[in-house]
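All remarks here apply to the structure that follows.
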Amino acid sequence: MDTRKTDSGIGIKPVYTSADSPAPASLPGEFPFTRGVQPDMYLGKLWTMRQYAGFSTAEESNKRYHYLLSQGVSGLSVAFDLPTQIGYDSDHELSEGEVGKVGVAIDSIEDMQRLFDGIKLEDVSTSMTINATGFILLALYTALAKQQGADLKKISGTIQNDILKEYAARGTYIYPPKPSMRIITDIFEWCGHEVPKWNTISISGYHIREAGSTAVQEIAFTLANGKAYVQAAQAKGLDINVFGKRLSFFFNAHNNLFEEVAKFRAARKMWAQIMKDLGATDPKAMMLRFHTQTGGSTLTAQQPLNNISRVTIQTLAAVLGGTQSLHTNGYDEALSLPTEEAARIALRTQQIVAFESGVTDTVDPLAGSYFIESMTAEVENAAWQLMAKIDAMGGSVSAIEEGFIQEEIARSAYEYQRQIESGNKIIVGVNKFQIQTEGHIPLLRVDDSIRQVQTEKLRQLKSQRNPAKVDQCLQDLNDKAVSGENLMPVVLESVENKCTLGEIADTLREVFGEYR
């Protein structure tokens, strides 16, 4: 008897028939949006082709952005270095060895000006992968848009801003959960008035999956986090039909093509039901719109050119699953930041799927497949069961505080690694089909001297700003943090007056404390 299973443990039959397959629930663009959030999907508009980029200084990253725009990307996606992510300026002692390494270093409004030099913010959609300091980066972006004379009602993009998955899976948090949730709902409220086209959060399953979760756990934990954010916003008195339209999601695409497609379809269906149950009546507030990134943890340092094939499968999974936006990883990313060549091949992968494969010629081309419809139902049922456990604990925040989500992810990661080491799961080039010698792959290296460059920029910034104005802004920030007023207006004023990211984060550290 064949006992094949997906990585989530869902059994796979040798043959599927109509008896296994529930009929597709609705047409594309209709509740519960299993088949897509738009009636015409890619016939009307292709997904946004992004390439995640950011390294070294703002000037170096700006050159990469101009290159990517020249090659046909339709949206930018910014990676920030670790000090920026956790609220330290480049000259802080804890920043040593990390400045510009995993992303671009942004300390001030001047760095933001350099990052987008020659790029009109009204003309691009920008995604920023930033969480604990997401509110500061949003303020910097808005301040720059104002300097450019942009209509703030037109600027569009996303901040990741998903702090719950940081506690569960990734670790770049600063403040404890309650003040962190307060900052997030401040962002929801402020953006609704000031930058209504901005996606205020990208509720992220990506890093949950990278930490070792299964596909089922990825959507269950992500949707549970999403539910917690919605309930926090409702508790603040915000209208679910308004802020619900600006919520977006960020998922991973792995190699099991059909389980991944089913995962995306199930997630849409589940989120529509969750939002309806929480009181949403506007269909747009029930739509799960999502960005996808191909699976970083699936890339191998062994025979790295094989990763081009992996990324192609993952691209197909995202597109067949109905993504709104997509980043494809460079084949060399298990070894270093992507080179220009690797980034170009990754983008070309999306373009070949879009324009040569035929998968965009009809909406939801896998709908009605006995296997896909059965798998969608199986993934959905398993995810609901997991969410019921989280609800019984009092929701996502409680489940994270109790360690439940972290333990579930760790258990799955261990089991996956055990299967590779036993040979039950084959990874081409790693535990089977190895070769003795491999050709040289050119790598992108970031020099440690970047920290000195950034430190000198900070010295010049501080010598040219108004110290009294800086002190006043930081005092106002402290006062509003204590009083419970919305923080975004004073954060925007602070960055406009050349307060640094580290100074703003530290002011709030003094009020909120740090999460350990």
Heavy-atom check, side chain of [X] versus side chain of [Y], under 4.5 Å:
X: Pro283; Y: Glu30; answer: no
X: Arg35; Y: Val363; answer: no
X: Tyr175; Y: Val511; answer: no
X: Phe371; Y: Asp20; answer: no
X: His291; Y: Tyr206; answer: no
X: Arg170; Y: Asn131; answer: yes
X: Leu223; Y: Lys227; answer: no
X: Phe512; Y: Ile183; answer: yes

Would you say [Y] and [X] are linked by a side-chain donor-acceptor pair, where the criterion is simply a distance under 3.5 Å?
X: Asp89; Y: Ser95; answer: no
X: Ser180; Y: Tyr515; answer: no
X: Glu194; Y: Thr142; answer: no
X: Thr200; Y: Arg246; answer: no
X: Asn329; Y: Gln293; answer: yes
X: Gln324; Y: Thr48; answer: no
X: Asn252; Y: Glu210; answer: yes
X: Thr294; Y: Arg310; answer: no
X: Asp277; Y: Gln273; answer: yes

Item to check | Note: Lys389-Glu408 ion pair, threshold 4.0 Å (strictly below) | outcome: no

Checklist entry - Any ion pair linking Glu373 and Arg265 (charged N to carboxylate O, less than 4.0 Å)? => result yes

Are more than 12 heavy atoms, taken from residues, nucleotides or ligands other than [X], located less than 6.0 Å from that residue's [atom1] atom?
X: Lys101; atom1: NZ; result: yes
X: Phe258; atom1: CZ; result: no
X: Glu514; atom1: CD; result: yes
X: Tyr370; atom1: OH; result: no

Item to check | Among Phe251, Trp271, Phe250, the one residue meeting ring pair (Phe, Tyr, Trp, His ring centres under 6.0 Å) with Phe290 | outcome: Phe251

Item to check | Test side-chain hydrogen bond (donor to acceptor under 3.5 Å, both in side chains) applied to Thr214 and Asp7, step by step | outcome: CA-CA 6 Å; Thr214 65; Asp7 292 334; over 6 Å; no

Checklist entry - Would Thr315 and Gln350 satisfy side-chain hydrogen bond (donor to acceptor under 3.5 Å, both in side chains), going step by step from the backbone distance to the final call? => result CA-CA 7 Å; Thr315 300; Gln350 294 197 49; over 6 Å; no

Checklist entry - Are Tyr141 and Trp198 an aromatic pair by the rule of ring centers under 6.0 Å? => result yes

Next on the checklist: The test is side-chain hydrogen bond (donor to acceptor under 3.5 Å, both in side chains); show your working for Ser412 and Gln217 and say whether it passes.
Outcome noted: CA-CA 9 Å; Ser412 294; Gln217 288 172 330; 2.8 Å; yes

Checklist outcome for this item: What one should report as the nearest heavy-atom pair of Ile504 and Ser494 is CD1-CB, 4.0 Å

